[in-house]
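Note sheet for the following structure.
What you see is a predicted model; the values in this text were computed from it and never measured.
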Amino acid sequence: MDIKAVVMGVAFALMWSSAFTSARVIVAYAPPMASLSLRFLVSGLIGVALAYGLGQSARLTLMQWVLVVVFGICQNALYLGLNFFAMQTVEASLASIIASSLPLIVGLLGWVVFREKVRPLGIIGLVAGFAGVGLIMGARLQGGVDVFGVVLCCIAAVSLAVATLAVRGASSGGNILMIVGLQMLMGSAMLVVPALMLETLSVTWSWQLIVAFIYTILVPGLIATVTWFYLVGRVGAVKASAFHFLNPFFGVAIAAALLGEQLGMSDIIGVVIIMAGILAVNLSKQPTVK
């Protein structure tokens, strides 16, 4: 992993973590699924237009099209859709902590489902990481957090893990920006029907909503997604997901700084444990030096 990959990974983690704070602002003023569908529509059109301008083509391979659909559904419609809906009642810091368990879920699925060999350090990391998540959620549940919202965040994290595994094939063969734009348009289309059926399209206009919406479209939506595709293509999904160990810290720090969310001692201890667990899982997957 070279310096460029490290810079890309840290930048992605920062942009990815900030999305929870901006999403929390958006859902305070507008319906979540309708807002997210519109965000994906705008981001997707921008991405496709830029891709055509750079000479990229929408003539993808069959596997790329399949993975674009899978990623558009899992990452955009399910992961972000469920998180947007949940953050009407769940704080941005807690949502980011749950979502940051991505490399733990990927590691667990690889071990249990795909029978991948996991070293003792990896097993310790998995146990510690999930224990850290449990510590934080246990304290929050005692504090009266919305259980339904937490369940939605957990389902969203699993969806993101599936999308992370799927993106490995979609990021190969070039046309990365085109793939990003198309999967966003797929996410937008998937969210239109539930938005029209379940939500009242009422918006309270404010400068906070406008700034958060534009920021979410350009930074976490477009720039971060493109960065993620390039990062996965450069170092692989497992190593790329390791940068999520920074997300618990970035997520709670940004939410505390911009939204004034309060953090308890269990939150701080849990974040440290999660970061150590994710780091252990990543280190366990590094090749052994002979």
Side-chain angles (χ1 to χ4, degrees), residues 16-40 72-102 104-106 108-109 129-164 187-188 190-204 209 212-213 216 220 244 247-248 251-252 254-256 258-264 266-267 270-271 273-274:
W16 186 89
S17 301
S18 69
F20 294 92
T21 295
S22 61
R24 179 75 167 165
V25 173
I26 291 173
V27 299
Y29 297 97
M33 287 184 285
S35 301
L36 191 57
S37 179
L38 179 59
R39 167 203 156 176
F40 284 142
I73 294 174
C74 292
Q75 198 268 356
N76 291 338
L78 290 177
Y79 164 67
L80 287 173
L82 291 174
N83 267 305
F84 260 61
F85 190 87
M87 277 191 285
Q88 294 177 104
T89 57
V90 175
E91 290 187 335
S93 57
L94 179 56
S96 67
I97 289 170
I98 296 174
S100 68
S101 63
L102 168 67
L104 302 175
I105 299 174
V106 170
L108 184 62
L109 289 176
F130 284 118
V133 174
L135 174 64
I136 294 173
M137 286 201 295
R140 294 294 184 97
L141 288 173
Q142 291 182 352
V145 71
D146 178 39
V147 177
F148 180 65
V150 171
V151 171
L152 292 181
C153 289
C154 293
I155 297 174
V158 175
S159 300
L160 181 58
V162 174
T164 299
S188 177
M190 292 295 298
L191 289 169
V192 167
V193 174
L196 293 176
M197 292 180 59
L198 303 175
E199 295 181 337
T200 301
L201 301 181
S202 176
V203 179
T204 302
L209 172 62
F213 190 75
T216 304
H244 282 273
N247 291 331
V252 299
I254 295 172
L258 299 182
L259 301 179
E261 294 186 2
Q262 300 298 314
L263 301 175
S266 59
D267 294 320
V271 165
I273 295 175
I274 294 170

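A donor-acceptor pair is defined here as one N or O able to donate and one able to accept, closer than 3.5 Å; no such pair exists between the side chain of S37 and the backbone of A34. The backbone N or O of G260 lies less than 3.5 Å from a partner atom in the side chain of Q262, making a donor-acceptor pair. Judged purely by atom type and a 3.5 angstrom limit, Q75 has no side-chain atom pairing as donor or acceptor with the backbone of G72. N76 places no side-chain N or O within donor-acceptor distance of the main-chain N or O of I73, the cut-off being under 3.5 Å. Between the side chain of R24 and the backbone N or O of S93, no donor-acceptor pair lies under 3.5 Å.
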Test side chain to side chain donor-acceptor pair (under 3.5 Å) on S96 and S17; report intermediate values, then the result. CA-CA 7 Å; S96 67; S17 301; over 6 Å; no

Quiz item: Which is it for C153 and L94 under the side chain to side chain contact (heavy atoms under 4.5 Å, CB included) test, yes or no, and what are the steps along the way?
Solution: CA-CA 9 Å; C153 289; L94 179 56; over 6 Å; no

Next on the checklist: If you apply the rule side chain to side chain donor-acceptor pair (under 3.5 Å), what do you find for D146 with T89, and how did you get there?
Outcome noted: CA-CA 6 Å; D146 178 39; T89 57; 2.8 Å; yes

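Contacts classified as ring pair (Phe, Tyr, Trp, His ring centres under 6.0 Å) and involving residues 131-152 (residues at least two apart or in different chains) are not found.
Of all non-hydrogen atoms in A161 and L102, the two that sit nearest each other are CA-CD1, 3.2 Å. Among all heavy-atom pairs drawn from A77 and L191, the shortest one is O-CD2, 3.8 Å. Minimum interatomic distance between V90 and A95 (heavy atoms only, all atoms of both residues): CG1-N, 4.1 Å. Between I98 and M137, the shortest heavy-atom contact is CD1-SD, 3.9 Å. Nearest heavy atoms, L135 versus S266: CD2-O, 3.9 Å. Here the closest heavy-atom approach between residue I274 and residue G129 is recorded as CG1-O, 3.6 Å.
Atom CG of residue L201 and atom CG of residue L196 lie 6.5 Å apart, to the nearest 0.5 angstrom. Here the straight-line distance linking atom CZ of F20 with atom CD of E261 works out to 11.5 Å at 0.5 Å rounding. From T21, atom OG1 reaches atom CD1 of I26 across 11.0 Å, with rounding to the nearest 0.5 Å. Considering CD1 of I136 and CD1 of I97, their distance stands at 3.5 Å, rounded to 0.5 Å. Note that CZ of R39 and CE of M33 are 15.5 Å apart. Values are rounded to the nearest 0.5 Å. Rounded to the nearest 0.5 Å, atoms SG (C74) and CG (L80) are 11.5 Å apart.
Using a 4.5 Å heavy-atom threshold, the side chains of V25 and F213 count as separate. Side-chain contact between E199 and P32 is present, with heavy atoms from C-beta onward closer than 4.5 Å. For the pair F130/L108, a side-chain contact is recorded, criterion being any heavy-atom separation below 4.5 Å from C-beta on. V150 is listed as a side-chain neighbour of V145, based on a closest heavy-atom distance under 4.5 Å. Using a 4.5 Å heavy-atom cutoff, the side chains of L209 and T204 are not in contact. The closest side-chain heavy-atom distance from D267 to R140 is below 4.5 Å. In this structure the side chain of V203 reaches within 4.5 angstrom of the side chain of P31, judged on heavy atoms.
More than 12 heavy-atom neighbours from other residues, nucleotides or ligands sit within 6.0 angstrom of OH on Y79.
Checked against V133 for a side-chain contact (heavy atoms from CB on, under 4.5 Å), the options S101, P248, C154 give a single hit: S101.
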